[in-house]
Amino acid sequence: MSLATIERTPRTSFAPAAPALAPTHVARELSLAVQPARDTRPVAAAAPAVPAAPAAEAPRLRAVPQGTEARGFVLYVGIDELKAAAAGTDLSAIVEQLKLLTQQLVPGSETHAAVALAPVGAGGRDVDVVRLALQDPSALAKHRQAEEPVEKPASGVVVDLSRKRVLIDDEPAALTYKEFELLQFLILRESQTIARAQLISTLWSAEDDEAPNERTIDVHIRRLRSKLGAYEDVVRTVRGIGYRYDRHPDVSVRFASTPSPDFI
C-alpha cells in the first residue's frame with residue numbers, strides 16, 4: 001500500500017460561508033432588540049452585584065497526555081473512486097471541499113491530503129486500507145497480530161524406513177537418496193561407531209565416479225546435518241574415527257515390515 005497526493009483542481013466547491021458576528025456584536029444586537037421603553041418612575045437602589053462565576057476551563061482531549069498539546073488531527077476517510085463516481089463526485093473534489101470547510105471554520109489553518117493506494121482486488125474495508133497506508137499505530141498492530149503465523153509445536157524427526165522419507169516437525173525433509181542411506185545406515189546400527197571407510201565402502205561402489213574419500217565423506221555428513229535443521233545433533237561425530245547414532249528422544253523410527261537390504 002502507498003500514498004499519492006491530490007493536486008487536481010476540484011469540479012465543485014462550497015460557497016463561502018457568511019462571516020459570523022463577533023460575540024460583542026451579537027450582544028449589542030440582542031440588547032437593542034429586547035431593550036424596554038424608558039420609565040421615568042423613581043428607581044429603587046440596585047442590589048449589590050453578584051460576582052460572575054469563573055468560566056469553565058475548556059475540556060482537554062482525552063488522548064493528550066499532560067505536558068503535550070494537540071497540533072492537529074487525522075481523519076481517515078474510506079471512499080474508493082467508484083463509490084465517489086456513483087455519488088456524482090470524485091476524490092479530488094471531496095478533498096478540496098473538506099479543505100475549504102476547514103478554512104471556513106478556522107481561518108489560517110493548514111491542511112495536507114494524501115490518497116491511499118492498494119493493489120486492485122486487494123479487498124478489505126476502504127478505511128482500513130487508508131489507516132494501514134498512513135501507518136496508523138493501532139491499525140498496524142492489528143494487522144501484524146492477524147499476520148503472525150501460529151507456531152506449530154515441534155514434533156521431532158520421523159524416519160520412515162519403509163517409505164524412504166524423513167519428516168521434520170511434520171514437514172518432509174528434502175534429503176537426497178544418498179543422504180537418506182547415510183542416515184538409515186547409522187540408525188540401523190544404533191550406538192555403534194561407524195568408520196568413514198566403512199560408510200564409503202558400503203554405500204558407494206568402487207566404480208562410482210562420485211564416490212567420496214575419507215575426507216570428502218564429511219561433506220556428505222555436513223549436508224545431511226544441515227537438512228536435519230534443529231536436530232542436526234542426531235548424527236554424532238566420533239573424533240578421529242567416524243560417526244554414530246544414539247537413541248534420541250526427538251527421533252521416531254518407523255521400521256519396514258521386511259529387513260532393510262543394507263542391514264548386513
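These numbers were taken from a predicted model, which means no experiment stands behind them.
The minimum heavy-atom distance between V251 and Y245, with the atom names listed, is CG1-OH, 3.5 Å. Minimum interatomic distance between A84 and I94 (heavy atoms only, all atoms of both residues): CB-CD1, 4.3 Å. The minimum heavy-atom distance between E214 and I200, with the atom names listed, is N-CD1, 3.6 Å. Closest non-hydrogen pair, A173 versus I168, comes out as CB-CD1, 3.7 Å.
Panel note: side chain K227, backbone A174; a donor-acceptor pair is recorded below 3.5 Å. Side chain of Q103 to backbone of S109: a donor-acceptor contact under 3.5 angstrom is found. Put simply, the side chain of D169 gets close to the backbone of G156: a donor and an acceptor are under 3.5 Å apart. Looking only at distances, no side-chain donor or acceptor of R254 sits under 3.5 Å from a matching main-chain atom of S162.
Considering only heavy atoms from C-beta on, D246 comes within 4.5 Å of R244 through its side chain. Side-chain atoms of K164 and Y177, non-hydrogen and from C-beta on, never get closer than 4.5 Å to each other. Looking only at side-chain heavy atoms (C-beta outward), I194 and R189 come within less than 4.5 Å of each other. Side-chain atoms of H220 and L182, non-hydrogen and from C-beta on, do get closer than 4.5 Å to each other. Between R247 and S191, the closest side-chain pair of non-hydrogen atoms is not below 4.5 Å. For the pair Y243/L199, a side-chain contact is recorded, criterion being any heavy-atom separation below 4.5 Å from C-beta on.
Note on V77: it clusters hydrophobically with L91, by side-chain heavy-atom contacts below 4.5 Å among ILVMFWY residues. Note on L186 and V158: separate hydrophobic clusters, where clusters join Ile, Leu, Val, Met, Phe, Trp and Tyr whose side-chain heavy atoms are under 4.5 Å apart, directly or indirectly. Following chains of ILVMFWY side-chain contacts shorter than 4.5 Å, one can reach L175 starting from L203, so the two form part of one hydrophobic cluster. Criterion: ILVMFWY side-chain heavy atoms under 4.5 Å apart, direct or through other members. Under it, L224 and L167 are not part of a common hydrophobic cluster.
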Stepwise side-chain contact (heavy atoms from CB on, under 4.5 Å) test for Q184 and V159: CA-CA 8 Å; Q184 176 181 252; V159 182; 5.8 Å; no

Working for side-chain contact (heavy atoms from CB on, under 4.5 Å), residues V235 and I221: CA-CA 8 Å; V235 177; I221 294 293; 4.2 Å; yes

Verdict with supporting geometry, Y231 and R225, side-chain contact (heavy atoms from CB on, under 4.5 Å): CA-CA 8 Å; Y231 307 98; R225 281 175 168 163; over 6 Å; no

Step-by-step side-chain contact (heavy atoms from CB on, under 4.5 Å) determination, L161 to L188: CA-CA 10 Å; L161 301 181; L188 292 177; 3.7 Å; yes

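For the atom pair CD1 of I187 and NE2 of H248, the computed distance is 11.0 Å after rounding to the nearest 0.5 Å. Atom CG of L228 and atom CG of D250 lie 11.5 Å apart (nearest 0.5 Å).
Applying side-chain hydrogen bond (donor to acceptor under 3.5 Å, both in side chains) to R196 and the options N213, T216, D218 leaves one that passes, D218.
Between R223 and E179 there is no salt bridge, since no side-chain nitrogen of the basic residue lies less than 4.0 Å from a carboxylate oxygen of the acidic one.
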